[in-house]
Amino acid sequence: MTQNYITLSLETHLFFARIMKEHALFLESGFPCQERVWTERAAYFRLQFEELLSDVAAISSGRVNDPILDSGELATEFTLTAEKQTEALSGIPINTDITRMEQHILSEPFSDNNRHILRTIHRINRRSLQLLNGLIRFKSSILREVSAGRLFTANYPLLIQHIIREAQLYRSTISQLLRYQNVSCKMILGTETFWNQIMMEHAFFIRGLLDPSEEELIKTAHGFAKDYKRLLDKARESEDTAVRSLTNDSLEETLKYRDFKTAGTKGILKGEISSIILPLLADHVLREANHYIRILEYGRIKED
C-alpha cells in the first residue's frame, strides 16, 4: 500500500503539476498589458507549480512505473523546442531544466527509507492541495469577471471552464490519495467520460485558434469534436455490458487524434500552420492525449 501511494502520488504530480503551470502560463499570456494584477497572480501560480514539479521530478527516479515514462505524457520529443519558442514569443520565462529532469527519470527500483520518503510525499501532497485550492479560486474569479464583462482575456470562457475542471480532477485525485493512500481502479476508469469531454473541447479550441485559411485542418478538428460528442452520447446511453466496447472506441479515436495533434505540433513548431496557437499549447494538448491513451490501455488490461 505504501509503495503504491508513493508511486501514484509522484505520477499524478509529474503529469498534472506540469499541466497546471502551463495553464497559468496560458492565462498569463492572455491578459492585456494593463491587467498587471491578473498577470502577476497568474505568474505566481506558474512559478509555484514549476517549483512543485521540480521537487517531484528530483525524487521520482526509481519510484515510478515504465508506462508513464514511455507514454509521452510527461514530455514529448517536441516539449523542449515548444518551451523555447513559447518563451521567445511570449516573453514569459520557462525553466526548461525541469523538462530535462523529467526526460531522465529512471524506473529502476530505488532502495531507500520508505518512512522518510513517505513523509516527503505527504508534505508534497498537502502543499499541492493548498496550491490547487488557490489556483481553482483564481481561475474561477477570471471566469466570473470575464462573464460579467469586467475583464478581457484572449482565452475562451470555455477554455477557462476546461482548465478549472482539470484542476479539480487533480485535486480530487490527491485528496483521495491522502485519505486512503490509494486511488481505486474504478476512479481511474471513471475518468473516461471526463477525458472524452476534454478531447472534444480540445478540438473546439484547435478549430477556433486555427487561421480561417486552414480549411482542411478546421474541418478535421470539427470532425474529431463530432466523434467525441458521439462517444459522450454513447456513454450516457450504454449499459454496463457496453463499457468495454466504449473503452475500445475511445482508445481507437484517441490514437487517431494523437496522430492529428502530433502532426499539428510539428506544423506549428516549423511555422507551416497558420494559427494563434502557442507552440507549448500544441504540445500540451498532445501530452494530454498521451495521458488519456495510457489510462485507456490500463483499463483494457484490468478488464482482461
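No hydrogens, no waters, no symmetry mates; every other heavy atom, side chains included, goes into these values.
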Running the 4.5 Å side-chain criterion over Ile, Leu, Val, Met, Phe, Trp and Tyr, what cluster does Phe78 land in, apart from itself?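 Phe78 clusters with Leu269, Leu286.
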
Ion pair present between [X] and [Y], side-chain N to carboxylate O less than 4.0 angstrom?
| X | Y | value |
| --- | --- | --- |
| Asp233 | Arg236 | yes |
| Arg46 | Glu40 | no |
| Lys219 | Glu216 | no |

Residue pairs fulfilling ring pair (Phe, Tyr, Trp, His ring centres under 6.0 Å) with at least one residue in residues 41-73, sequence neighbours excluded: Phe45-Phe138

Name all residues meeting the side-chain hydrogen bond (donor to acceptor under 3.5 Å, both in side chains) criterion together with Glu83; count only those two or more places apart in sequence or in a different chain, and write none if there are none.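 Here the qualifying residues are Arg18, Thr99.
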
Which residues satisfy the side-chain hydrogen bond (donor to acceptor under 3.5 Å, both in side chains) test with Arg230, sequence neighbours excluded? Asp227

So the salt bridge (charged side-chain N to carboxylate O under 4.0 Å, His left out) pairs with at least one residue in residues 155-171 (sequence neighbours excluded) are Arg165-Glu201

Sorted by first residue and then second, give each salt bridge (charged side-chain N to carboxylate O under 4.0 Å, His left out) pair with at least one member in residues 72-81; sequence neighbours left out.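 Passing the test, one end in residues 72-81: Glu73-Arg294.
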
Could you tell me how the ring of [X] sits relative to the ring of [Y]: parallel (under 30°), tilted (30 to 60°) or perpendicular (over 60°)?
| X | Y | result |
| --- | --- | --- |
| Phe26 | His284 | perpendicular |
| Phe31 | Trp38 | tilted |
| Tyr257 | Tyr228 | tilted |

Assess the residue pair His13 and Asn125 against the criterion (side-chain contact (heavy atoms from CB on, under 4.5 Å)); give the C-alpha distance rounded to whole Å, side-chain angles, the decisive distance to 0.1 Å, and a yes or no. CA-CA 9 Å; His13 293 305; Asn125 284 346; 2.6 Å; yes

Out of curiosity, Ile277 CD1 to Thr265 OG1, how far, rounded to the nearest 0.5 Å?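 Atom-to-atom, Ile277:CD1 and Thr265:OG1 are 8.5 Å apart.
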
Considering all heavy atoms of both residues, which atom of Gly72 and which atom of Asn290 are nearest to each other, and what is their separation? O-ND2, 2.9 Å

Do His122 and Tyr5 have ring centres separated by under 6.0 Å?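 Judged by ring-centre distance (under 6.0 Å), His122 and Tyr5 do meet the cut-off.
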
